[in-house]
J.: 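The structure under discussion is supplied below as structure tokens; questions concerning it will follow.
Nothing here was measured: the structure is a model prediction, and the numbers come from that model. Sequential numbering from 1 along the given sequence is applied to the chain's residues.
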Amino acid sequence: MAEHSHQLAAILFADIVGYTAMMQENEETAVEKVNRFREVVELIAEELNGKIIQYYGDGSLLLFHSSTDAAEFAKLLQEDLQNEPRIPVRIGIHMGDVLVHSGNIFGDVVNIAARIQSLAPVGGIYISEMVYRNIANKKELESVFVREEKLKNVKESIRIYQLITEGDHPFVQPGSVTENAAPATGPSHIAVLPFSNLSSDPQQDYFSDGLTEDIITQLSKIRAYKVISRTSVMQYKNSPKTVKEIGKELGVSLILEGSVQRHGDQVRITAQLINAVSDEHVWADSYDRPMLDIFSIQREVALAIAAVLNTSLSNKETRELDYIPTTDLQAYDYYLRGKLLLENRNKADLLLAREHFMQAVSRDKTFAIAYSGLADTYLLSSFRGYEDPVMMLWQAKKYIDTAAGLDSFSGETQASLGYWYFQSFDWHAAEITYRRSISLNQNQSNVYLWLAVLLQAKGEQEEALKIYEMGAEINPMWDYLQKNKAMLLVNMNRKEEALHCMQGLIDKSYDSVIKRKRYEELSRLHWAFNEKKEAISAAKKSGNLGLLKFYTDGDFSLLQKTVDEHYSSLRQRSEYISQFWMGQDYAHAGAREKALECFNNALALKEAALSLLLIRDFEFLNIKYLSMALLTRKVKQLINF
């Protein structure tokens, strides 16, 4: 080391708490403790390339060339000193430019580290934001935001974090729950409304929507909360409804809303938590930061809500909140675009989502959940018959394996793997993997749907209904979930509940095209229950003349003509045609022979969605399930239950 030099360094102060009182009580014991303290300091410092600058009676000052080494030293020191004879120590760490002169160090960094150390609790480690940023990606070094502090003789306020040690507990803001906060007993139900885009560019909507999704994801990592899925809250984007009305419709007691303004490399985010019952504010904050801090902001919002609701977090939860998926903001940008497009499920958006995920992983080859999202584009395309399932499943597995290699504890990756098992007819592995995925991330409504469909096809109807209801808790407005639940209720012969479910889908359909489609489904449901009058009434509201002709004359020619024209158009464009989904369309049109021919072709090809034939579809017309007995028997032979 040069005798006189400036360098970037992490400065650590460690101080024995109450040493003077120890000396007064038992001088010999106090000396033993300070000697043990120094022995441990020297041993760990040597292992982690730390330089002991000086001892000052009951404390020590050390220099490290990296924040990671300093944080690891602090953690190891505190954990060792918890063994008998226990030594009460508090530690502070800051990083910055220091002047090294004749073995001593000088500069504001030293003063700030000393001030931070004096604020730390007994047995605790406080670090500055500079140190936190450098260790944020280290899963073994979990830390939580404590507060922003104005330190003596320091111009700007310092954001302070607590580094968590084994057996330690994350910092929770002191004080009881405010009178406006939700009760601490039982899970708090929270809805995060779409954050408003205040940027001058309306094209930045995808970013504000993506931020909403990520905050939902962060909050859902806290097991005490039930967080409504983005699919259900998006209908309230720019909605004139009051917080009370939205809270009642979603069945939540708390609503988080906010805004985001992105300008170049800077972002301004405001957030406020509102009691949906009393319409009173519980908490609010704003964040003006570089875009590089976007993940820290999401985490801080989650921690602030946990603090105001007096929620104690486990080490696992704080570790999950600390996880940063990528440090490449352009890759994150591509990921957000892909993730939002993925929700639409149509072929055009799936292909575009695939391009965005490809861009994300090409920029950051360690971006695990982007690989998982990429795999999902192939899995959804396979199952929905948009592309050749053999090629799609092969591609999906390749990216799932990559994602799992990067992060085997990702709920999203386990969900993708479960879906791959399901489409590969290994239902035993699929069910285990789906349940593992939910245990890792309880906020994935798509996994509840996939698991419930599997259980329904197995004939485990009560368990399937339970899973649908769990999914509906976090995504009550999701059409796919409710439609499949209605199909299950029909097959359980719970007519009134099935009708109520279908009517709910109609009531929430604001788009006229979707509403007509829902009336058509309701009409078919009445027909399945042999309620001809009600079926005709609903069919008239749907405007489907082919369906009315079938009901009144038994003539399905108009229905079949529509299907014929659709697949003729696909052939003219040389599009891939799934035999299974074409069979579904003909079955819905009442064209029994064409439907059965397609299903048999799909069976020969082992198409991924064949499993759906094991679930009785109330929309089928003119097809008795005796006609399909042989088919379903052959499908079961493909499956490893």
J.: Could you walk me through whether Leu336 and Asp214 pass the side chain to side chain contact (heavy atoms under 4.5 Å, CB included) check?
T.: CA-CA 9 Å; Leu336 287 183; Asp214 282 352; 3.9 Å; yes
J.: Less than 4.5 Å apart, any side-chain heavy atom of Glu431 and any of Leu455?
T.: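 SC-SC contact between Glu431 and Leu455 confirmed.
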J.: So does Arg223 get a backbone contact from the side chain of Glu317, meaning a donor-acceptor N/O pair under 3.5 Å?
T.: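 Looks like yes, one N/O pair under 3.5 Å.
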J.: Indicate yes or no: does Arg524 engage Glu521 in a salt bridge with an N to O separation below 4.0 Å.
T.: no
J.: Does Gln444 use its side chain to pair, donor to acceptor, with the backbone of Asn441 at less than 3.5 Å?
T.: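 Flag set: sc Gln444 to bb Asn441 pair under 3.5 Å.
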J.: Quick one: do the Gln414 and Arg436 side chains pair a donor with an acceptor below 3.5 Å?
T.: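 A pair is found: one side chain offers a donor N or O, the other an acceptor, under 3.5 Å apart.
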J.: Are the side chain of Thr242 and the backbone N or O of Glu245 linked by a donor-acceptor pair below 3.5 Å?
T.: yes
J.: Walk me through it: do Leu499 and Leu522 pass the test side chain to side chain contact (heavy atoms under 4.5 Å, CB included)?
T.: CA-CA 7 Å; Leu499 289 169; Leu522 178 63; 3.8 Å; yes
J.: Does a side-chain heavy-atom distance below 4.5 Å link Leu614 with Val635?
T.: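 Side-chain contact under 4.5 Å: yes.
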J.: What is the distance from atom OG1 of Thr562 to atom NE2 of His588, rounded to the nearest 0.5 Å?
T.: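 Answer rounded to 0.5 Å: 14.0 Å.
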J.: Examine the side chains of Ser439 and Arg435 and answer whether a donor and an acceptor come within less than 3.5 Å of each other.
T.: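 No - no donor-acceptor pair under 3.5 Å links their side chains.
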J.: Should the heavy atoms of other residues, nucleotides or ligands under 6.0 Å from NZ of Lys561 be counted, would the total exceed 12?
T.: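 Result for NZ/Lys561: open.
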J.: Do Asp349 and Arg345 pass the salt bridge (charged side-chain N to carboxylate O under 4.0 Å, His left out) test, and can you show the C-alpha distance, the side-chain angles, and the key distance before you say yes or no?
T.: CA-CA 7 Å; Asp349 284 338; Arg345 301 299 204 260; over 6 Å; no
J.: Does atom CG (Asp507) have a neighbourhood of more than 12 heavy atoms from anything else shown, all under 6.0 Å?
T.: yes
J.: Cut-off 3.5 Å, side chains only: do Glu473 and Tyr448 have a donor facing an acceptor?
T.: no
J.: Could you tell me the separation between the CG atom of Leu393 and the NZ atom of Lys606, rounded to the nearest 0.5 Å?
T.: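 Answer for the CG-NZ pair, Leu393 versus Lys606, is 12.5 Å.
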J.: Quick one, Ser416 and Glu412 - any side-chain contact, counting heavy atoms below 4.5 Å?
T.: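 Answer no - side chains too far apart.
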J.: Side chains of Leu613 and Phe580, heavy atoms from C-beta outward: is any pair under 4.5 Å?
T.: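 The answer is yes, as the side chains (C-beta and beyond) meet within the 4.5 Å cut-off.
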J.: Hey, is the main chain of Met392 close enough, under 3.5 Å, to the side chain of Glu387 for a donor-acceptor pair?
T.: no
J.: Mark yes or no for whether Asp333, through its side chain, and Leu329, through its backbone, hold a donor-acceptor pair below 3.5 Å.
T.: no
J.: Locate the shortest heavy-atom distance separating Leu250 from Ser232; write the atom from each residue and the value.
T.: CD2-O, 4.2 Å
J.: For residues Ala498 and Val490, report the shortest heavy-atom separation together with the two atoms involved.
T.: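 Looking at all heavy atoms of both residues, the closest pair is CB-CG2, 3.7 Å.
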J.: Is Arg354 positioned over the aromatic face of Tyr378, cation under 6.0 angstrom from the ring centre and no more than 45 degrees off axis?
T.: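 Yes; both conditions hold, so Arg354 lies above the ring face of Tyr378.
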J.: Check Lys458 with Glu463, please: is the shortest side-chain N to carboxylate O separation under 4.0 Å?
T.: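 So Glu463 does not pair with Lys458 through a salt bridge.
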J.: In Å and rounded to the nearest 0.5 Å, what is the CG to CZ distance from Asp328 to Phe367?
T.: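 Output value for this atom pair is 8.5 Å.
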J.: Rounded to the nearest 0.5 Å, how far does CD of Gln218 lie from CG of Asn443?
T.: 11.5 Å
J.: Please step through salt bridge (charged side-chain N to carboxylate O under 4.0 Å, His left out) for the pair Glu249 and Lys241, ending with a clear verdict.
T.: CA-CA 10 Å; Glu249 288 181 12; Lys241 291 185 177 180; 2.7 Å; yes
J.: Do Gln442 side-chain atoms and Tyr225 backbone N/O form a donor-acceptor pair below 3.5 Å?
T.: yes
J.: What's the verdict on side chain to side chain contact (heavy atoms under 4.5 Å, CB included) for Val453 and Leu612, showing C-alpha distance, side-chain angles and the deciding distance?
T.: CA-CA 8 Å; Val453 167; Leu612 293 183; 3.9 Å; yes
J.: Might you point out which heavy atoms bring Ala415 and Tyr434 nearest each other, and give the distance in Å?
T.: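 Shortest heavy-atom separation between Ala415 and Tyr434 comes out as O-CE2, 4.0 Å.
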J.: Can Ile294 and Phe207 be said to form a side chain to side chain contact (heavy atoms under 4.5 Å, CB included), step by step?
T.: CA-CA 11 Å; Ile294 190 69; Phe207 182 76; 4.0 Å; yes
J.: Do Ile228 and His189 touch side chain to side chain, with heavy atoms closer than 4.5 Å?
T.: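 No - every pair of side-chain heavy atoms lies 4.5 Å or more apart.
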J.: Determine yes or no for a side-chain-to-main-chain donor-acceptor pair under 3.5 angstrom, with Ser542 supplying the side chain and Lys517 the backbone.
T.: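 Between the backbone of Lys517 and the side chain of Ser542 there is no qualifying donor-acceptor contact (under 3.5 Å).
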J.: Decide if atom NZ of Lys398 counts as having more than 12 heavy atoms of other residues, nucleotides or ligands within a radius under 6.0 Å.
T.: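 More than 12 heavy atoms, drawn from other residues, nucleotides or ligands, come within 6.0 Å of this atom.
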J.: Between Glu607 (side chain only) and Gln579 (backbone N and O only), is there a donor and an acceptor less than 3.5 Å apart?
T.: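 Such a contact is found between Glu607 side chain and Gln579 backbone.
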J.: Answer yes if the ring centres of Tyr335 and His356 are under 6.0 angstrom apart, and no otherwise.
T.: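 They do not qualify: ring centres at least 6.0 Å apart.
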J.: Decide side chain to side chain donor-acceptor pair (under 3.5 Å) for Tyr287 and Asp293; before the verdict, give the C-alpha distance in whole Å, the side-chain angles of both, and the deciding distance to 0.1 Å.
T.: CA-CA 10 Å; Tyr287 306 85; Asp293 281 355; over 6 Å; no
J.: Below 4.5 Å, heavy atoms only, C-beta onward: do Ile297 and Val267 meet side chain to side chain?
T.: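 Yes, their side chains come closer than 4.5 Å.
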J.: Would you say that Arg230 contacts Met234 through its side chain, given a criterion of any heavy-atom pair below 4.5 Å between the two side chains?
T.: yes
J.: Is any side-chain heavy atom of Met487 closer than 4.5 Å to one of Gln456?
T.: yes
J.: Got a donor-acceptor contact below 3.5 angstrom from the Lys237 side chain to the Pro194 backbone?
T.: no
J.: Assess the pair Tyr399 and Phe357: is the distance between their ring centroids shorter than 6.0 Å?
T.: no
J.: Looking only at non-hydrogen atoms, find the nearest pair between Thr326 and Ala331 and report the distance.
T.: OG1-CB, 4.2 Å
J.: Tell me if the NE2 atom of His500 is crowded by more than 12 foreign heavy atoms within 6.0 Å.
T.: no
J.: May I ask you to decide if the ring planes of Trp450 and Tyr419 are parallel, tilted or perpendicular, using 30° and 60° as cut-offs?
T.: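 Trp450 and Tyr419: parallel rings.
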J.: When rounded to the nearest 0.5 angstrom, what is the spacing between CZ in Phe618 and CG in Leu489?
T.: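 So the gap between those two atoms works out to 10.0 Å.
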J.: Just by modelled atom types, is the Val513 backbone N or O under 3.5 Å from a matching donor or acceptor in the Asp511 side chain?
T.: yes
J.: For Phe422 and Trp427, I'd like to know if the aromatic rings sit close, meaning centre-to-centre distance below 6.0 Å.
T.: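 They qualify: ring centres under 6.0 Å apart.
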J.: Got a second to check how far Lys221's NZ is from Lys316's NZ, nearest 0.5 Å?
T.: 10.0 Å
J.: Which pair of heavy atoms, one from Gly247 and one from Ala276, lies closest together, and at what distance?
T.: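 It is CA-CB, 4.0 Å.
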J.: If I compare all heavy atoms of Ser259 with all of Thr270, which pair ends up nearest, and what's the gap?
T.: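 Heavy atoms of Ser259 and Thr270 come nearest at OG-OG1, 2.7 Å.
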